[in-house]
Every structure is written in C-alpha cells, then in structure tokens.
Amino acid sequence: MFNGYGSTILDGTWLTVQLALLSMAVAIALGLLGAAFRLSPVKWLALLGETYAAVIRGIPDLVLILLIFYGGQEMLNRVLELSGYEGYVDINPFVAGVGTLGFIYGAYLSETFRGAFMAIPKGQGEAGLAYGMSPLRVFFRILVPQMIRLAIPGFTNNWLVLIKATALISLVGLQDMMARAKSAGDATREPFTYILLAAGIYLAITSVSLLVLRYLERRYSVGVKTAEI
C-alpha cells in the first residue's frame with residue numbers, strides 16, 4: 001500500500017505526535033511561569049512576562065524556528081569555542097523542535113492561563129485562606145481546578161495550532177511525517193497523493209484531540225451550570 005511508503009509515514013506520524021506532546025509539556029510549564037510573572041506584583045517580573053508574550057506572539061513561527069535553531073546552534077558553538085572546545089556541535093532537530101515550539105507556544109499559553117486566573121473571583125481564594133487552608137492548598141484545591149476549566153477552550157486552540165506547526169520543523173531536518181510524505185511524493189512522482197495522506201493524518205490527530213479536550217471540558221464543568229442557575 002502507498003508503494004511501500006505507508007510504514008515509514010506511520011513512523012513519521014509517531015515522531016510528529018511525540019514532538020507535539022513534548023512541545024506542549026514545555027509550553028505548559030513556560031505558560032504557567034509566564035502567567036505567574038505577568039500577574040506578579042513585582043514590576044520587573046511583570047515586565048519580563050509581558051515582553052516575552054508580546055515579542056514571541058508578534059513574530060511568525062517559521063521565522064522564530066529558523067532564528068532559534070540556527071542562531072541557537074551558532075551561539076552554542078561560539079561559547080564552546082571560547083571555552084576551548086574545538087569540535088562543532090549539531091543540535092538534534094527533534095530536541096530543537098521541542099524546545100522551539102515549547103518556547104513559542106508557552107507565550108500563547110501564558111495569555112490563556114493569565115486570563116483564566118484573572119476570571120476566578122478573588123473571594124474564593126480569600127475564603128480558603130480564612131477557612132484555614134494554606135496558600136499552596138488554596139492554589140491547588142481551589143484555583144487550579146477552576147483555572148483548568150476556564151483555560152481549556154484557549155488551550156484547545158493552541159494545541160491544534162501547535163500540532164499543525166510541527167510540520168515546520170521538517171525544514172530544519174527532522175524526519176517527521178511531513179518530511180517523509182514529501183520524500184515519498186518526490187520518489188514516486190505522486191506528491192499530491194502523499195501530501196493528501198499527510199493532511200488526512202493531521203485531520204485525524206486534531207479530531208481525536210478535540211474529542212478528548214471536549215470530554216475534559218465537560219468533566220471540569222460538572223455542576224457549574226447548575227450552580228449558575
């Protein structure tokens with residue numbers, strides 16, 4: 001099937017899924033950190049968080065990927081050269097892809113998380129403290145569950161965009177699904193067939209993602225509508 005290229009494209013699909021999941025894990029960590037900075041009463045931390053979000057969201061993903069991959073590799077080798085290392089280090093495209101996409105979408109998620117935290121009434125946290133709960137317990141038992149519910153719609157959008165952005169990492173040498181589909185198309189002179197196959201796989205991944213995230217949204221919204229009525 002597919003002239004023997006079906007299995008290699010499936011291998012590329014698994015690599016794409018791994019890239020997306022690990023990148024989102026990095027993005028979530030950076031998004032939470034960025035949101036904490038932007039909500040911080042410390043001015044320089046708030047400015048740092050705002051600068052990160054504004055700069056990264058204002059530059060196209062492809063430009064950032066090329067800048068971070070090639071610029072980061074050049075900077076690393078210059079630092080190693082100054083320290084006396086004579087060799088040349090090639091950054092693994094997968095590692096570079098995870099770090100780059102995580103860094104980019106961390107900026108978008110910082111806005112999602114910031115808005116979600118700001119939408120929670122301050123009185124709820126204050127009530128938890130008055131009840132005798134520690135600040136850490138208030139954060140994880142009261143604020144985070146509500147933040148997740150409020151952030152899921154924005155998170156869903158960012159996740160879907162990130163999945164599609166993984167195709168850009170093939171430009172820096174990663175043999176993901178997109179790169180393998182292109183290679184198969186070039187080899188068989190049937191580019192439309194394999195690009196269409198890649199499009200179908202991306203659609204399948206995003207469709208399954210939507211089902212899972214909608215389930216989570218319903219799960220975290222249990223009792224909310226009833227309480228509002």
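Since we're looking at a predicted model, the values are computed, not measured. Residue numbers count from 1 along this sequence.
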Should [X] and [Y] be regarded as members of a common hydrophobic cluster, given that ILVMFWY residues are connected when their side-chain heavy atoms come within less than 4.5 Å of each other, either directly or indirectly?
X	Y	value
Val42	Leu39	no
Val63	Leu162	yes
Val95	Leu171	no
Ile152	Met24	yes
Phe94	Leu62	yes

Hey, is the main chain of [Y] close enough, under 3.5 Å, to the side chain of [X] for a donor-acceptor pair?
X	Y	value
Arg57	Ala53	yes
Ser207	Leu203	yes
Ser23	Ala20	no

Say you draw a straight line from [atom1] of [X] to [atom2] of [Y]; how long is it, rounded to the nearest 0.5 Å?
X	Y	atom1	atom2	result
Leu33	Tyr52	CG	OH	8.5 Å
Leu101	Ile65	CG	CD1	5.0 Å
Lys164	Thr206	NZ	OG1	8.0 Å
Met118	Phe113	CE	CZ	15.5 Å
Ile56	Ser110	CD1	OG	10.0 Å
Leu168	Leu64	CG	CG	11.0 Å

If you define the side chain from C-beta out and look only at heavy atoms, does anything of [X] sit under 4.5 Å from [Y]?
X	Y	answer
Phe103	Leu30	yes
Tyr202	Leu197	no
Glu217	Pro153	yes
Leu174	Thr16	no
Leu22	Val26	no
Ser170	Lys182	no
Leu210	Leu160	yes
Arg180	Asp11	yes

Original post:
More than 12 heavy atoms of other residues, nucleotides or ligands under 6.0 Å from CD of Glu81: is that the case?
Top reply: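 No, not enclosed.
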
Original post:
When you look at CZ of Arg214, are more than 12 heavy atoms from neighbouring residues, nucleotides or ligands closer to it than 6.0 Å?
Top reply: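 Open: at most 12 neighbouring heavy atoms sit under 6.0 Å from CZ of Arg214.
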
Subject >> Whichever hydrophobic residues join Leu211 through chains of side-chain contacts under 4.5 Å >> reply: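 Besides Leu211, the cluster holds no residue at all.
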
Minimum heavy-atom distance between [X] and [Y], given as atom pair plus value:
X	Y	value
Trp159	Ser209	NE1-OG, 2.9 Å
Ala96	Ile91	CB-CG2, 3.8 Å
Met178	Ala167	CG-CB, 4.0 Å
Leu32	Met147	CD2-CE, 4.1 Å
Met133	Val138	CB-CG2, 3.7 Å
Gln146	Ile142	NE2-O, 3.0 Å

Subject >> Set of residues satisfying ring pair (Phe, Tyr, Trp, His ring centres under 6.0 Å) with respect to Phe139, sequence neighbours excluded >> reply: Phe117

**OP:** Would you kindly say whether Asp176 and Thr166 are connected by a side-chain donor-acceptor distance under 3.5 Å?
**Re:**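 No donor-acceptor contact under 3.5 Å links the two side chains.
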
Subject >> Residues Tyr105 and Asp61: side-chain donor-acceptor under 3.5 angstrom >> reply: yes

Subject >> Ionic contact status for Glu126 with Lys122, cut-off 4.0 Å >> reply: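 Looking at Lys122 and Glu126, the cut-off is not met.
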
Original post:
Does the ring center of Tyr108 lie less than 6.0 Å from the ring center of Phe155?
Top reply: no

Subject >> Option passing side chain to side chain contact (heavy atoms under 4.5 Å, CB included) with Thr100 (candidates Val172, Ile68, Leu66) >> reply: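 In the set Val172, Ile68, Leu66, the residue that makes a side chain to side chain contact (heavy atoms under 4.5 Å, CB included) with Thr100 is Ile68.
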
